[in-house]
Asks: 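Got a structure for you, questions after.
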Amino acid sequence: MIRITTWNINSVRLRLGLVERLARELEPDVLCLQETKVADELFPREAVEAMGFSHVLVHGQRNYHGVAILSKLPLEEHQTHAWCGIDHPRHLSARLPGGIELHNLYVPSGGDEPDRERNPKFAHKLDFLAELAAAWQADGVGQRPTIAVGDFNIAPLETDVWSHKQLLDVVSHTPVEVAALDRLQASAGWIDAVRAIIPPEQKLYSWWSYRARDWQASNRGRRLDHVWVTAPIADKIQTAEVLTAARSWPQPSDHVPVTVDLAL
DNA sequence: ATGGTAGGTATCCTA
């Protein structure tokens, strides 16, 4: 059994204590982080090794973005990827034991205005998804046992947001983004591992804005963080859990960890 | 319709 967790940590250095708490409470074999916001040479490597993650891959820069894979299992043949000719550290992949390929993604947020002509960040988001879809399709990822996790910054289902109607024009849930994510999902026949366990009819969120006075009372969440697997391992999905409680941990990230167990 | 908070860093950008 492999337990894999994805978490947009929003500064790994500020929240090292929360990473340690997660490692202790959930004991994931592999922990994929996004928005680490740290240059590779400043990543707290020793600290996460002390938590039991003896295999650590980082792909970051100072201040913005950044992804990392912390693993108790060996990681091989890792690669970084840059899409749209923009060298943001947003995509890191590696191979787990048994030839399982793992992709850790931080999809561009897309800014505020859902208009590709007026908002270059929104165009970047859509182009990033389209380029990745083309690459995955050309690579035949869908034929191999592969896992893709991360902050995809899109809540695709009506039940992935607190109000489908009120978010139709809000970046993260617009029809054009959902269509782009659908094409990405189709590019390799990805299965949404979380929704394979938690029924799509059920409301489910992994992110709550910092701007709410009381995130729990208003509960205006969105499911932005995802775990996908390809067909060869679709029957291995055992459990899926969104650790909502982590949103109430001291000085929390605005995202909570999403965990899937695979019988691998 | 508006503005609300957070992090890293530098006095703003990104989310």
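Scope of the values below: all heavy atoms of this structure, side chains included, with no hydrogens, waters or symmetry mates.
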Asks: Fit a plane to each ring of A/Trp190 and A/Trp228, take the angle between them on a 0 to 90° scale, and name the class: parallel (under 30°), tilted (30 to 60°) or perpendicular (over 60°).
Replies: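 Ring orientation of A/Trp190 relative to A/Trp228: tilted.
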Asks: Give one of base, sugar-phosphate or nothing for A/Arg213, where a contact means two heavy atoms less than 4.0 Å apart.
Replies: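 No contact at all - A/Arg213 keeps every heavy atom at 4.0 Å or more from the nucleic acid.
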Asks: Please report, rounded to the nearest Å, how far the P atom of B/dA1 is from the CG atom of A/Asp112.
Replies: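 So the two atoms are 16 Å apart, to the nearest Å.
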Asks: Show me the protein contacts with nucleotides 11-15 of chain B, counting only N or O atoms at under 3.5 Å.
Replies:
| residue | atom | partner | partner atom | Å |
| --- | --- | --- | --- | --- |
| B/dT14 | OP2 | A/Lys121 | NZ | 3.4 |
| B/dA15 | OP1 | A/Arg90 | NH2 | 3.3 |
| B/dA15 | N6 | A/Arg211 | NH2 | 2.5 |
| B/dA15 | N1 | A/Arg211 | NH2 | 3.1 |

Asks: Between B/dA6 and B/dT2, how far apart are the P atoms? Round to whole Å, please.
Replies: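 It works out to 23 Å between them.
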Asks: For atom P, what is the distance between B/dT14 and B/dT9, given to the nearest Å?
Replies: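 B/dT14 and B/dT9 have their P atoms separated by 15 Å.
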Asks: Send over the distance from A/Leu42 CG to B/dT9 C1', rounded to a whole Å.
Replies: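 Atom-to-atom, A/Leu42 to B/dT9, this comes out as 14 Å.
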Asks: Taking the C1' atom in each of B/dA1 and B/dC13, what is the distance between them to the nearest angstrom?
Replies: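 So the two C1' atoms sit 25 Å from each other.
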Asks: Tell me whether the side-chain N/O atoms of A/Arg220 come closer than 4.0 Å to OP1 or OP2 in B/dT5.
Replies: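 No, because none of the side-chain N or O atoms of A/Arg220 sits under 4.0 Å from OP1 or OP2 of B/dT5.
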Asks: So that I know where these two stand, are A/His124 and A/His88 an aromatic pair - ring centroids less than 6.0 Å apart?
Replies: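 Distance test on ring centres: under 6.0 Å, yes.
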Asks: Check whether A/Val161 and A/Trp207 end up in the same hydrophobic cluster, where Ile, Leu, Val, Met, Phe, Trp and Tyr are linked by side-chain heavy atoms less than 4.5 Å apart.
Replies: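 In one cluster with A/Val161: A/Trp207, no.
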Asks: Using the P atom as the reference point in each nucleotide, state the distance between B/dG7 and B/dG3 in Å, no decimals.
Replies: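 Comparing P positions in B/dG7 and B/dG3 gives a spacing of 22 Å.
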Asks: Hey, what's the ring geometry for A/His65 with A/Tyr106, parallel, tilted or perpendicular (30° and 60° as the breaks)?
Replies: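 Tilted, since the angle between the ring planes falls between 30° and 60°.
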Asks: Could you walk me through whether A/Leu224 and A/Ser172 pass the side chain to side chain contact (heavy atoms under 4.5 Å, CB included) test, one step at a time?
Replies: CA-CA 8 Å; A/Leu224 304 179; A/Ser172 72; 4.0 Å; yes
Asks: Calculate the interatomic distance between A/Leu18 atom CG and B/dA6 atom P; express it in whole Å.
Replies: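 Atom-to-atom, A/Leu18 to B/dA6, this comes out as 14 Å.
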Asks: Mark yes or no for whether A/Asn8, through its side chain, and A/Asp254, through its backbone, hold a donor-acceptor pair below 3.5 Å.
Replies: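 Judged by distance alone, no pair lies under 3.5 Å.
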